[in-house]
Amino acid sequence: MEAAQAALLSWYETNARPLPWRISKVSAWEILLAEIILQQTRMETGLEYWERIRKEYPNPQLMAAKPQERLLQLWQGCGYYARARNLYKLACQLGSKPLPQTRDDLLELPGIGTYTAAAVSSIAFGESVACVDGNVRRVISRLRAKHLTNKEVQINADQLLYTDRPGEWNQAIMELGSTICTPRKPKCVKCPLQPHCLATQTPTPEEWPASRKVKQKKVQATVLIIAGNGGLVLNEREGKILGGLWGLPYQEGENAQINLLNSLNIEDENITEIGQITHDFSHKKIQITVLLTSSKNHKLTNPRDVPLATLDRKVIALYESEAS
DNA sequence: TAAACGTGGGT
DNA sequence: TACCCAAGTTT
């Protein structure tokens, strides 16, 4: 074993956070659930979703046996709902077959990309493959003090991989990125890889890797609350944005208000504006006008009975505080 | 390849 | 306030 590998594994042995799957043995399915839930999601947030979802679905067959809407109900608030839709598709597609054990076979499944395929095959099945996530990319970029392409990062990760215990190695390097080699103010003094790192020899190790710089677009939108005794008008959303979740009538753009009212045959004079809300997506900043009217003879739904996105929950919370 | 896709926490 | 970013994938 090389010195850098020994140093990191030794550090990991005493500094690994006590995550559930490190404390006790869990199934490959539960590893897969964790990897998907943790995509772009913080550990502290993801853990409670993982506990909830693994408990309800100890295996893929039990997931496929219930409606997608049930999964989305457990997923609500976690974001990136395509993950849940793809996970459900995966469970259905699997049928009675066991989970594939290699990276290449896992890669064929919906919602499984290069990171997750390598993470699951190495952690759950011991395959010697290096996974590259944001942590690994950052650690390796700094070790080399270079702006690397994806391919170059993967090559470096493959070379560094400790093939005797690939799952443990992958977790160790991610753990380092997550707790020591952080995006800002990295704790180089505590880093087991410092003797091997080029970035730490510079005044600005946080310079690597380059940041993404995606600018949020500002958009206007209107939401309409149609309220009655039985609840609110809620519809199941379709498409990629919050698809599969339910939500209030919502429209973006200049003529959103007029279009919304026309499409629902609502008269102008029965409408009141109860407030403005802002809600951020990663790619856009939404300024929402919240309109209220009373239901004549619409089909009403209790918001507690259906999966909702945080955006809709915020709007409903405003309405409920207004009503009380 | 770049943009779309949620949400919440940190600075 | 504004911006960054988190165990990424899809198109």
Side-chain angles (χ1 to χ4, degrees), chain A residues 12 16-17 19-22 30-50 72 75-87 89-90 106-124 130-139 149-151 153-154 157 167-179 181-186 206-207 209-219 237 239-245 247 252 277-287 307-314:
Chain A
Y12 182 67
R17 289 169 295 179
L19 304 178
W21 49 89
R22 291 175 183 168
E30 290 171 305
I31 297 289
L32 182 143
L33 290 178
E35 293 305 339
I36 291 174
I37 291 166
L38 291 172
Q39 290 168 7
Q40 300 290 284
T41 301
R42 285 188 161 68
M43 186 64 71
E44 313 83 73
T45 304
L47 276 180
E48 44 195 281
Y49 284 95
W50 181 74
L72 284 166
W75 199 282
Q76 59 184 325
C78 194
Y80 284 156
Y81 300 97
R83 292 181 294 171
R85 299 194 298 269
N86 282 327
L87 176 59
K89 200 185 295 176
L90 184 159
L106 284 161
L107 215 36
E108 301 295 318
L109 298 171
I112 307 282
T114 53
Y115 163 74
T116 306
V120 171
S121 73
S122 64
I123 296 170
C131 65
V132 173
D133 73 333
N135 292 307
V136 176
R137 156 170 288 281
R138 188 167 56 254
V139 169
T149 65
N150 289 336
K151 188 174 284 184
V153 174
Q154 183 68 58
E168 199 177 332
W169 172 262
N170 281 330
Q171 290 189 75
I173 192 167
M174 289 192 281
E175 189 80 352
L176 186 76
S178 178
T179 61
C181 193
T182 47
R184 278 163 292 190
K185 298 185 180 176
E206 61 277 10
E207 180 178 334
S211 72
R212 289 193 200 164
K213 290 184 181 173
V214 186
K215 45 193 168 188
Q216 277 182 312
K217 293 170 185 167
K218 291 183 181 174
V219 300
R237 295 193 196 283
K240 299 192 164 188
I241 304 175
L242 310 180
L245 295 166
E252 292 180 359
I277 280 184
T278 60
H279 188 75
D280 285 12
F281 284 3
S282 49
H283 57 295
K284 61 184 172 187
K285 189 181 230 356
I286 314 172
Q287 175 76 38
L308 294 172
T310 300
L311 183 157
D312 291 286
R313 295 210 167 282
K314 268 191 190 171

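Because only heavy atoms are used, hydrogens play no part in the values below, and waters and symmetry mates are left out as well, while side chains stay in. Naming convention: chains lettered A, B, ... in sequence-line order (proteins, then strands); numbering from 1 in each chain.
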message: Heavy atoms only, 4.0 Å cut-off, all strands: where does A:T41 land among base, sugar-phosphate and nothing?
response: base
- prompt: Ignoring hydrogens and geometry, is there a side-chain-to-backbone donor-acceptor pair from A:K240 to A:A82 under 3.5 Å?
  reply: no
query: Can A:F281 and A:L242 be said to form a side-chain contact (heavy atoms from CB on, under 4.5 Å), step by step?
result: CA-CA 11 Å; A:F281 284 3; A:L242 310 180; 4.2 Å; yes
task: Let me know, please, whether A:Q40 or A:E44 comes out on the 5' side of the other along DNA chain B by nearest nucleotide.
output: A:Q40
message: Between A:W169 and A:A130 (side chain of the first, backbone of the second, donor and acceptor by atom type, cut-off under 3.5 Å), is there such a pair?
response: no
task: Remember a base hit wins even if backbone is also touched, and classify A:R22 as base, sugar-phosphate or nothing at under 4.0 Å, heavy atoms.
output: base
message: Using OP1 and OP2 only, check whether a side-chain N or O of A:Y81 sits under 4.0 Å from B:dT7.
response: yes
field: Salt bridge flag under 4.0 Å for residues A:E252 and A:K217
entry: no
query: On DNA chain B, nearest-nucleotide positions of A:R42 versus A:H283: which is more 5'?
result: A:H283
message: Would you compute the distance between atom CG of A:L109 and atom CG of A:L87 and round it to the nearest 0.5 angstrom?
response: 10.5 Å
message: Counting the atoms with a prime plus P, OP1 and OP2 as sugar-phosphate, which does A:G46 contact under 4.0 Å by heavy atoms, base, sugar-phosphate, or nothing?
response: nothing
Contact under 4.0 Å: A:R138 side-chain N or O vs C:dA6 OP1/OP2: yes
- request: Would you mind classifying the nucleic acid contact of A:W21 as base, sugar-phosphate or nothing, using non-hydrogen atoms under 4.0 angstrom?
  value: base
query: If you check every side-chain atom of A:T114, which of C:dA7, B:dT11, C:dT9 has the closest atom?
result: C:dT9
Closest nucleotide among C:dG8, B:dC5, B:dT7 to the A:K284 side chain: B:dC5
message: Using whole Å, what does the distance between atom P of nucleotide C:dT9 and atom OH of A:Y80 come to?
response: 12 Å
- line: To the nearest 0.5 Å, atom CG of A:D280 lies from atom CD of A:Q287 at 10.5 Å
task: Look at the side chain of A:N86 and decide which nucleotide, out of B:dA3, C:dT10, B:dT11, has an atom nearest to it.
output: C:dT10
task: Would you mind telling me which of C:dG8, B:dC5, B:dT7 lies closest to the side-chain atoms of A:A309?
output: B:dT7
- request: For B:dA3 versus C:dA7, give the span between their P atoms, rounded off to a whole number of Å.
  value: 24 Å
message: Between A:R83 and A:Q40, do the side chains contain a donor N or O and an acceptor N or O under 3.5 Å apart?
response: no
- request: Please work out if A:L242 contacts a base, only the sugar-phosphate, or nothing of the nucleic acid, heavy-atom cut-off 4.0 Å.
  value: sugar-phosphate
message: Using a 4.0 Å heavy-atom cut-off, does A:L19 contact any base of the nucleic acid, only the sugar-phosphate backbone, or nothing at all?
response: base
- request: Report yes if a side-chain nitrogen or oxygen of A:K217 is closer than 4.0 Å to either non-bridging phosphate oxygen (OP1 or OP2) of B:dA4; otherwise report no.
  value: yes
task: Check every strand shown and say whether A:K314 touches a base, only sugar-phosphate, or nothing at a heavy-atom separation below 4.0 Å.
output: nothing
- prompt: For A:A34, which contact category applies under a 4.0 Å heavy-atom criterion: base, sugar-phosphate, or nothing?
  reply: nothing
message: Tell me whether the side-chain N/O atoms of A:H279 come closer than 4.0 Å to OP1 or OP2 in B:dT7.
response: yes
message: Quiz question: going by heavy-atom distance under 3.5 Å, is there a donor-acceptor pair between the base of B:dG6 and the side chain of A:S282?
response: yes
message: Students often get this wrong, so: under 4.0 angstrom with heavy atoms, is A:I36 touching a base, only sugar-phosphate, or nothing?
response: nothing
message: Whether the side chain of A:Y115 and the base of C:dG8 hold a donor-acceptor pair under 3.5 Å is what I'd like checked.
response: no
- request: Pick base, sugar-phosphate or nothing for A:C78, based on heavy-atom distances below 4.0 Å to the nucleic acid.
  value: base
task: Figure out the CZ/C1' separation between A:R237 and B:dC5, and round it to whole Å.
output: 14 Å
message: By the 4.0 Å heavy-atom rule, please label A:D280 as base, sugar-phosphate, or nothing.
response: base
task: Using the aromatic ring of A:F281 (for Trp, its six-membered ring), decide whether it stacks on the base of B:dG6 within the limits of 5.5 Å and 30°.
output: no
